[in-house]
Amino acid sequence: MAKQKTAKTSSPKAPAGNASPAIDIGISGSDRKKIAEGLSRFLSDSFTLYLKTHNFHWNITGPMFNSLHVMFEAQYTEQWNALDETAERIRALGYNAPGSYAEFIRLSSIPEEPGLTETLDWREMVRQLTVGNEAVARTARKVLKIADDAGDDPTVDLMTQRLQTHEKYAWMLRSLLE
């Protein structure tokens with residue numbers, strides 16, 4: 001559970017006409033901004049990993065084809081569904097979620113796979129996905145700390161769930177290489 005922190009908020013101004021009221025969820029504007037920026041980096045890492053996992057699902061060959069094709073599909077499907085939760089949390093904090101390839105590339109810590117003119121060996125695919133899941137976990141950990149310090153329990157909960165998933169994926173993938 002996040003630490004209690006008293007947010008310095010002013011009472012929301014009455015909307016003029018059809019304008020919506022100011023955001024007053026008990027988290028200061030500066031904390032909401034820091035959390036949203038961290039979540040945007042997390043979303044970008046997550047989307048880049050999703051795309052890489054889907055790419056490898058399409059392009060896997062060799063003796064591990066069937067098991068990795070199925071594993072990659074399960075992982076990218078779960079990852080795809082989680083992207084929406086992250087983007088919606090950014091919106092709930094009052095910020096726009098990144099949504100273009102250019103934004104994702106700029107914000108992500110995971111290198112993009114440039115496309116496959118030659119199929120990578122399955123071991124290299126698994127290695128890259130292991131490293132990618134660990135990168136997403138590191139980013140989630142940073143966001144979790146920022147959110148915890150701000151008393152943002154919903155983001156702490158979201159990052160805890162994503163950490164558990166990506167650490168599990170990294171372990172499963174690494175186990176294939178041992």
- Task: Measure the spacing between NE2 of His166 and CD of Glu78 and express it to the nearest 0.5 Å.
- Result: 6.5 Å
- Donor-acceptor pair, side chain of Asp84 and main chain of Trp80, under 3.5 angstrom: no
- Query: Say you draw a straight line from CG of Leu158 to CZ of Phe42; how long is it, rounded to the nearest 0.5 Å?
  - Reply: 6.5 Å
- Task: Would you kindly confirm whether Tyr95 and Ile35 end up in one hydrophobic cluster when ILVMFWY residues are joined by side chain heavy atoms under 4.5 Å apart?
- Result: yes
- Please report the shortest heavy-atom distance between Phe104 and Gly99, naming the atom on each side. CZ-CA, 3.9 Å
- Examine Leu129 and Val70 and state if one hydrophobic cluster contains both, with Ile, Leu, Val, Met, Phe, Trp and Tyr joined whenever side-chain heavy atoms are less than 4.5 Å apart. no
- Should Met159 and Leu39 be marked as a side chain to side chain contact (heavy atoms under 4.5 Å, CB included) after you check the CA-CA gap, both sets of side-chain angles, and the distance that decides it? CA-CA 9 Å; Met159 292 297 97; Leu39 284 169; 3.7 Å; yes
- Query: About how many Å separate OG1 of Thr155 and CZ of Arg162, when rounded to the nearest 0.5 Å?
  - Reply: 14.0 Å
- Query: Any link between Ile60 and Trp58 through a network of hydrophobic side chains (Ile, Leu, Val, Met, Phe, Trp, Tyr) touching at under 4.5 Å?
  - Reply: no
- Task: Evaluate side chain to side chain contact (heavy atoms under 4.5 Å, CB included) for Asn96 paired with Ile90, printing each intermediate quantity in order.
- Result: CA-CA 7 Å; Asn96 288 335; Ile90 294 168; over 6 Å; no
- Item | Residue pair Ala87 / Ala97: nearest heavy atoms and the distance that separates them | CB-CB, 3.9 Å
- Could you go through the side chain to side chain contact (heavy atoms under 4.5 Å, CB included) check for Ile146 and Glu37 one step at a time? CA-CA 10 Å; Ile146 294 165; Glu37 288 170 349; over 6 Å; no
- Please list, chain by chain and in numerical order, all residues satisfying salt bridge (Lys or Arg N to Asp or Glu O under 4.0 Å) with Arg91, sequence neighbours excluded. none
- Asn133 CG to Thr53 OG1 distance, which is reported to the nearest 0.5 Å: 6.5 Å
- Message: Nearest 0.5 angstrom please: Phe56 CZ to Leu120 CG, how far?
- Response: 5.5 Å
- Leu43-Leu107 co-clustered via ILVMFWY side chain contacts under 4.5 Å: no
- Message: Check this for me: Glu73, atom CD, are more than 12 non-hydrogen atoms of other residues, nucleotides or ligands nearer than 6.0 Å?
- Response: yes
- Partner residues of Glu88 under the salt bridge (Lys or Arg N to Asp or Glu O under 4.0 Å) criterion, sequence neighbours left out: none
- Message: Apply side chain to side chain contact (heavy atoms under 4.5 Å, CB included) to residues Ile25 and Arg32 and explain how you reach the verdict.
- Response: CA-CA 10 Å; Ile25 59 173; Arg32 283 187 298 105; 4.0 Å; yes
- Message: Looking at Asp45 and Ser109, would you say the former's side chain and the latter's main chain have a donor-acceptor pair under 3.5 Å?
- Response: yes
- The salt bridge (Lys or Arg N to Asp or Glu O under 4.0 Å) partner of Asp152 among Arg89, Lys33, Lys34, Lys145 is Arg89
- Note on the structure: Sequence neighbours excluded, the answer for salt bridge (Lys or Arg N to Asp or Glu O under 4.0 Å) partners of Glu124 is Arg127
- Message: Tell me the closest heavy-atom pair linking Ile110 and Ala135, and the distance in Å.
- Response: CG1-CB, 3.8 Å
- So, for Ile23 and Gly94, which heavy atoms are closest and what is the spacing to 0.1 Å? CD1-CA, 3.3 Å
- Task: Identify the two heavy atoms, one from Ala36 and one from Leu93, that lie closest to each other, and give their separation to 0.1 Å.
- Result: N-CD1, 4.1 Å
- Note on the structure: dist Asp121:CG -> Met64:CE (nearest 0.5 Å) comes out at 10.5 Å
- Query: Are Tyr50 and Phe47 an aromatic pair by the rule of ring centers under 6.0 Å?
  - Reply: yes
- Item | Whether Asn59 side chain and Asn55 backbone form a donor-acceptor pair below 3.5 Å | yes
- Message: Ignoring hydrogens, what is the shortest heavy-atom contact between Thr130 and Ala170? Give both atom names and the distance.
- Response: CG2-O, 3.8 Å
- Would you check if the distance from the ring center of Phe72 to the ring center of His57 is below 6.0 Å? no
- Could you go through the side-chain hydrogen bond (donor to acceptor under 3.5 Å, both in side chains) check for Gln79 and Tyr169 one step at a time? CA-CA 11 Å; Gln79 291 166 357; Tyr169 288 169; 5.8 Å; no
- Path from Trp171 to Met71 over hydrophobic side-chain contacts below 4.5 Å: yes
